[in-house]
Amino acid sequence: MAHGKVEKTNAARLLDRAKIAYELIPYQVDEEHLAATHVAEQLGEEIACVFKTLVLRGDRTGCFVCVVPGDHEVDLKAAAKVSGNKKVDLIPMKELLPVTGYIRGGCSPIGMKKAFPTYIHASASEHPFIYISAGVRGLQLKLAPADLAAYVRAAFAEISRRGER
């Protein structure tokens with residue numbers, strides 16, 4: 001797999017070590033528009049296969065990760081149920097870097113400071129590959145959803161719904 005002249009991220013090095021096939025795909029960052037819809041436009045891909053990584057905190061289990069399609073919002077009730085919590089919320093933005101080691105727009109489910117329980121929206125398994133952040137703004141990882149799930153020990157679940165436009 002040709003990775004071009006793109007600087008490898010920690011997430012990419014971890015996948016190399018695990019011998020998991022992936023591609024690093026750069027895109028133009030717009031600091032004013034960090035949404036996954038912008039990433040999908042830049043990549044020329046359907047939004048259904050561009051996933052965003054969100055970190056939530058449950059009242060019983062603490063932090064966990066949800067990987068959802070770019071045009072979806074996490075369904076807090078569904079996420080609470082699947083993660084064994086009564087109540088969950090997205091962590092405050094100011095906690096993202098200290099908790100995960102990543103910033104908004106560059107949060108990858110691979111290589112966080114700690115291995116958090118991870119849930120990937122069930123629709124991911126319908127695609128031969130999906131895009132997730134490579135751990136920095138401007139770079140996506142293209143990989144098979146089953147490989148991602150196996151690596152981060154994730155479960156596929158109905159954890160989101162299409163967002164408001």
Side-chain angles (χ1 to χ4, degrees), residues 9-22 24 34-40 47-164:
T9 61
N10 187 43
R13 285 188 289 275
L14 289 168
L15 291 175
D16 284 345
R17 213 173 297 147
K19 297 185 176 12
I20 292 174
Y22 67 91
L24 280 173
L34 294 173
T37 48
H38 173 73
V39 176
I47 189 65
C49 65
V50 177
F51 283 65
K52 57 189 177 185
T53 303
L54 304 169
V55 183
L56 291 82
R57 180 174 289 122
D59 60 346
R60 295 179 177 165
T61 65
C63 290
F64 64 98
V65 177
C66 287
V67 181
V68 302
D71 61 345
H72 279 216
E73 293 172 0
V74 168
D75 179 331
L76 296 176
K77 282 189 171 135
K81 187 175 181 181
V82 76
S83 65
N85 289 284
K86 264 202 185 312
K87 184 179 179 327
V88 300
D89 260 310
L90 288 166
I91 65 169
M93 198 59 64
K94 68 180 188 297
E95 289 182 31
L96 190 61
L97 181 60
V99 168
T100 67
Y102 291 124
I103 60 170
R104 179 173 176 253
C107 188
S108 178
I110 299 167
M112 289 190 180
K113 285 183 172 182
K114 206 179 142 207
F116 295 109
T118 302
Y119 305 93
I120 301 170
H121 189 264
S123 67
S125 60
E126 299 164 10
H127 301 284
F129 59 84
I130 60 171
Y131 294 88
I132 58 168
S133 175
V136 294
R137 291 177 182 166
L139 198 57
Q140 291 282 297
L141 282 167
K142 177 181 176 181
L143 75 170
D147 289 344
L148 172 62
Y151 185 76
V152 299
R153 295 187 178 96
F156 289 103
E158 293 292 337
I159 51 171
S160 64
R161 60 184 179 276
R162 196 169 306 281
E164 303 302 311

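Given the structure is predicted, the values throughout are model-derived calculations rather than measurements. These numbers come from the heavy atoms of this one structure, side chains and all, not from hydrogens, waters or symmetry mates.
Contact check for F51 versus P145: no side-chain heavy atoms found under the 4.5 Å cut-off. Q140 places a side-chain heavy atom less than 4.5 Å from the side chain of S133. Between S123 and P69, the closest side-chain pair of non-hydrogen atoms falls below 4.5 Å. Between L148 and P109 there is a side-chain heavy-atom pair separated by less than 4.5 Å. In this structure, V68 and K52 have side chains that are in contact, with non-hydrogen atoms separated by less than 4.5 Å. At a threshold of 4.5 Å between non-hydrogen side-chain atoms, the residues L56 and L76 count as touching.
Considering all non-hydrogen atoms of both residues, F64 and F116 come closest at CA-CB, 4.1 Å. The shortest non-hydrogen separation linking I47 to A40 is CD1-CB, 3.8 Å. Between A134 and S108 the shortest heavy-atom distance is C-CB, 4.2 Å.
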Name the atoms and distances for all side-chain donor-acceptor pairs under 3.5 Å in residues 96-106, with sequence neighbours left out.
{"from": "T100", "atom 1": "OG1", "to": "L96", "atom 2": "O", "distance (Å)": "2.6"}
{"from": "T100", "atom 1": "OG1", "to": "Y102", "atom 2": "N", "distance (Å)": "2.9"}
{"from": "T100", "atom 1": "OG1", "to": "Y102", "atom 2": "O", "distance (Å)": "3.4"}
{"from": "Y102", "atom 1": "OH", "to": "I110", "atom 2": "O", "distance (Å)": "2.5"}

Assess whether side chain to side chain contact (heavy atoms under 4.5 Å, CB included) is satisfied between D147 and L15, documenting all intermediate values.
CA-CA 10 Å; D147 289 344; L15 291 175; over 6 Å; no
Between V88 and D59, is a side chain to side chain contact (heavy atoms under 4.5 Å, CB included) present by the stated rule, with each step listed?
CA-CA 6 Å; V88 300; D59 60 346; 5.7 Å; no
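A distance of 3.5 Å separates CE of M112 from SG of C107, quoted to the nearest 0.5 Å.
A salt bridge is defined here as a Lys NZ or Arg NE, NH1 or NH2 lying under 4.0 Å from an Asp or Glu carboxylate O, and R161 with D75 meets this definition.
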